[in-house]
Number of protein chains: 2
Amino acid sequence: MTTSGARPLDPGQLETYFALMEAVSLLQHHVEQQLRAEGGISYVQFQLLARLADSDRPLTMTQLADGVVYSRSGLTYQAGLLEKAGLITRSTFPDDERATVVTLTEKGAALFERVLPGHIEVSRRLLFEPLSATDVRHLGEVMTRVRDHMRARPPRSAAPRKRRPGTAR
Amino acid sequence: MTTSGARPLDPGQLETYFALMEAVSLLQHHVEQQLRAEGGISYVQFQLLARLADSDRPLTMTQLADGVVYSRSGLTYQAGLLEKAGLITRSTFPDDERATVVTLTEKGAALFERVLPGHIEVSRRLLFEPLSATDVRHLGEVMTRVRDHMRARPPRSAAPRKRRPGTAR
DNA sequence: TATTGTTATACTCTATAACTATA
DNA sequence: TATAGTTATAGAGTATAACAATA
């Protein structure tokens with residue numbers, strides 16, 4: 001193995017990849033700062049609040065986790081923090097008592113509303129300021145395609161092992 | 001206060017922003033998995049090795065940190081790990097004895113070479129596969145512009161400005 | 001005094017595995 | 001047996017502040 005990736009990228013590709021990674025790292029860092037400063041929350045927590053704010057009905061833990069967090073316990077941890085801060089509530093889902101439904105409290109909704117403008121302002125100042133309308137449209141189109149591609153194509157080599165259902169471990 | 005960012009984004013902008021953030025989050029996650037699985041290193045550590053591999057001369061800690069890590073102690077921590085793993089060495093810089101110069105060991109260079117193909121393969125499969133050559137060129141051009149914009153325009157509200165001891169907080 | 005880097009420390013976050021309870 | 005979620009726990013990473021040494 002390890003020969004699977006011997007084929008080099010085109011020169012421009014590597015540059016593009018690094019520019020993308022570095023730019024987004026910087027963006028993430030600034031966004032984290034803004035959210036922490038103005039709302040005392042992390043970007044992960046912001047995403048969870050955003051999902052709940054976006055949905056007109058409560059979400060189960062599993063629905064909430066999707067794409068935001070990569071382990072169940074990670075979500076339980078974050079939900080615990082949000083609940084302790086009074087931003088969400090958790091309760092058993094009557095239709096399936098294994099599930100937990102998560103609701104945004106008024107305080108949570110208010111915090112989200114309070115934090116959102118600054119969040120948008122950061123993205124405008126750091127990301128959109130140097131871009132034309134055409135750039136933005138193209139970037140959005142391209143990254144949407146990439147995102148959907150990734151969602152549809154889960155890891156191949158990244159997974160340590162194909163675990164069959166029910167296997168130990 | 002909090003009205004600083006009341007102006008809304010154009011509809012497409014918010015979508016673009018979230019698509020970008022989610023796509024790159026997924027990409028980062030896969031990349032971390034690959035690096036951890038094949039080389040036992042994190043993306044931060046990969047970046048540090050990459051910088052050293054890219055440079056024909058050793059770098060000081062400060063040069064190495066630039067853009068990769070946001071605190072001095074964070075770099076010291078990472079350098080400590082890399083040194084303990086035998087991937088780099090640190091020694092005093094004769095010309096300025098305050099500085100530490102970092103050198104890639106043969107083992108470090110070998111690890112980097114070993115891990116790079118898989119890294120490239122992940123980026124190809126997840127990022128580049130759904131993109132045309134034009135998309136890649138445009139994406140690279142746009143993200144380079146954004147990156148340079150961010151580098152040139154450090155945080156406004158987020159900056160841990162030089163504060164004198166005893167200031168608020 | 002300012003700068004380079006390290007250390008001590010506290011904190012946040014993540015992930016694996018074992019667990020409970022429902023289906 | 002499988003699924004939803006929690007808990008226990010361990011480990012990785014980050015940041016702030018105090019520090020030492022050099023410029």
Side-chain angles (χ1 to χ4, degrees), chain A residues 25 28-29 32-33 35-37 40-48 58-66 68-85 88 90-102 158-161 163-169, chain B residues 25 28-29 32-33 35-37 40-48 58-66 68-85 88 90-102 155 158-169:
Chain A
S25 287
Q28 285 172 335
H29 189 251
E32 290 274 355
Q33 303 266 83
L35 290 173
R36 187 62 66 188
I41 57 174
S42 67
Y43 184 65
V44 166
Q45 291 161 1
F46 171 81
Q47 286 179 93
L48 297 176
L59 300 174
T60 67
M61 293 291 279
T62 297
Q63 290 168 336
L64 198 51
D66 174 45
V68 175
V69 147
Y70 300 93
S71 70
R72 291 160 113 55
S73 64
L75 179 60
T76 297
Y77 171 75
Q78 292 296 341
L81 294 181
L82 293 175
E83 191 172 47
K84 191 154 54 182
I88 65 168
R90 281 183 287 186
S91 52
T92 312
F93 183 43
D95 287 16
D96 181 345
E97 298 206 341
R98 293 173 303 184
T100 298
V101 290
V102 182
R161 216 152 306 280
R163 49 181 77 128
R164 291 176 306 187
T167 306
R169 285 195 119 258
Chain B
S25 287
Q28 287 172 334
H29 190 250
E32 290 273 355
Q33 303 266 82
L35 290 174
R36 187 62 68 188
I41 58 174
S42 66
Y43 184 64
V44 165
Q45 290 159 5
F46 171 80
Q47 286 179 94
L48 297 176
L59 300 173
T60 67
M61 293 290 279
T62 297
Q63 291 168 335
L64 198 52
D66 174 48
V68 176
V69 148
Y70 300 94
S71 70
R72 288 160 119 48
S73 63
L75 180 60
T76 297
Y77 172 75
Q78 292 297 342
L81 294 181
L82 293 175
E83 191 172 47
K84 191 154 54 182
I88 65 167
R90 281 182 287 186
S91 52
T92 313
F93 183 43
D95 288 15
D96 181 346
E97 299 207 341
R98 293 172 302 183
T100 298
V101 290
V102 181
R161 263 278 145 270
K162 281 189 176 179
R163 293 206 146 75
R164 292 181 307 185
T167 309
R169 228 191 168 203

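Letters A, B, ... are given to chains in the order of the sequence lines, protein chains preceding strands, and every chain is numbered from 1.
Between V101(A) and H29(A), the residue whose closest nucleotide on DNA chain D is further toward the 5' end is V101(A). For the pair M61(B) and V68(A), both in contact range of DNA chain C, the more 5′-proximal nearest nucleotide belongs to M61(B). Positionally, the nearest nucleotide of DNA chain C for A99(B) lies more toward the 5' end than for the other of P94(A) and A99(B).
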For this session: Show your reasoning for whether side chain to side chain donor-acceptor pair (under 3.5 Å) applies to Q28(A) and Q28(B).
Result: CA-CA 12 Å; Q28(A) 285 172 335; Q28(B) 287 172 334; 3.3 Å; yes
For this session: May I have the step-by-step check of side chain to side chain contact (heavy atoms under 4.5 Å, CB included) for V69(A) and V44(A), ending in yes or no?
Result: CA-CA 8 Å; V69(A) 147; V44(A) 166; 4.0 Å; yes
For this session: Verify side chain to side chain contact (heavy atoms under 4.5 Å, CB included) between Q63(B) and T60(B), making sure each step is shown before the conclusion.
Result: CA-CA 5 Å; Q63(B) 291 168 335; T60(B) 67; 3.3 Å; yes
For this session: Would you check, one step at a time, whether the test side chain to side chain contact (heavy atoms under 4.5 Å, CB included) holds for E97(B) with F93(B)?
Result: CA-CA 5 Å; E97(B) 299 207 341; F93(B) 183 43; over 6 Å; no
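Distance, E97(A) CD to dT20(C) P: 19 Å, rounded to whole Å. Taking atom CD1 of I41(B) as the reference point, atom P of dA12(D) lies 14 Å away to the nearest angstrom. The distance from atom CG of L48(A) to atom P of dC13(C) is 11 Å, rounded to the nearest whole Å. The distance from atom CG of L59(A) to atom P of dA4(D) is 15 Å, rounded to the nearest whole Å. In this structure, CD of Q28(A) is placed 12 Å from P of dT14(D), rounded to the nearest angstrom. Taking atom OH on Y70(B) and atom C1' on dA17(D), their separation rounds to 22 Å, with Å as the unit. Rounded to whole Å, the distance from CZ on F93(B) to P on dT3(C) is 18 Å. Between the C1' atom of dT12(C) and the CG atom of L35(A) lies a distance of 15 Å, rounded to the nearest Å.
Heavy atoms of T76(A) sit under 4.0 angstrom from at least one base atom. Across all strands, L81(B) comes closer than 4.0 Å only to sugar-phosphate atoms, never to a base (heavy-atom distances). Looking at heavy-atom distances under 4.0 Å, Q45(B) makes contact with sugar-phosphate atoms alone, never a base. Heavy atoms of Y77(A) sit under 4.0 angstrom from at least one base atom.
Of the candidates dT14(D), dT6(D), dT4(C), the closest approach to any side-chain atom of R72(B) belongs to dT4(C). Considering only the side chain of D96(A), dT22(C) comes nearest among dT22(C), dG5(C), dT6(D). Ranking dT22(C), dT14(D), dG5(D) by closeness to the V44(B) side chain, first place goes to dT14(D). With dA15(D), dG13(D), dG5(C) as the choices, the nucleotide that has an atom nearest any side-chain atom of Q78(B) turns out to be dG13(D).
For the 3.5 Å distance criterion, the side chains of E83(A) and Q78(A) fail to qualify, holding no donor opposite an acceptor.
Side-chain N/O atoms of R90(B) include none lying less than 4.0 angstrom from OP1 or OP2 on dT4(C). For the pair S42(A) and dC13(C), the criterion of a side-chain N or O lying under 4.0 Å from OP1 or OP2 is met. Phosphate contact (OP1/OP2 of dT1(D), side-chain N/O of R98(A), threshold under 4.0 Å): absent. For S73(A) and dT14(C), the shortest distance from a side-chain N or O to OP1 or OP2 is not below 4.0 Å.
For R36(A) against S42(A), the heavy-atom pair with the smallest separation is NH2-CB, 3.5 Å.
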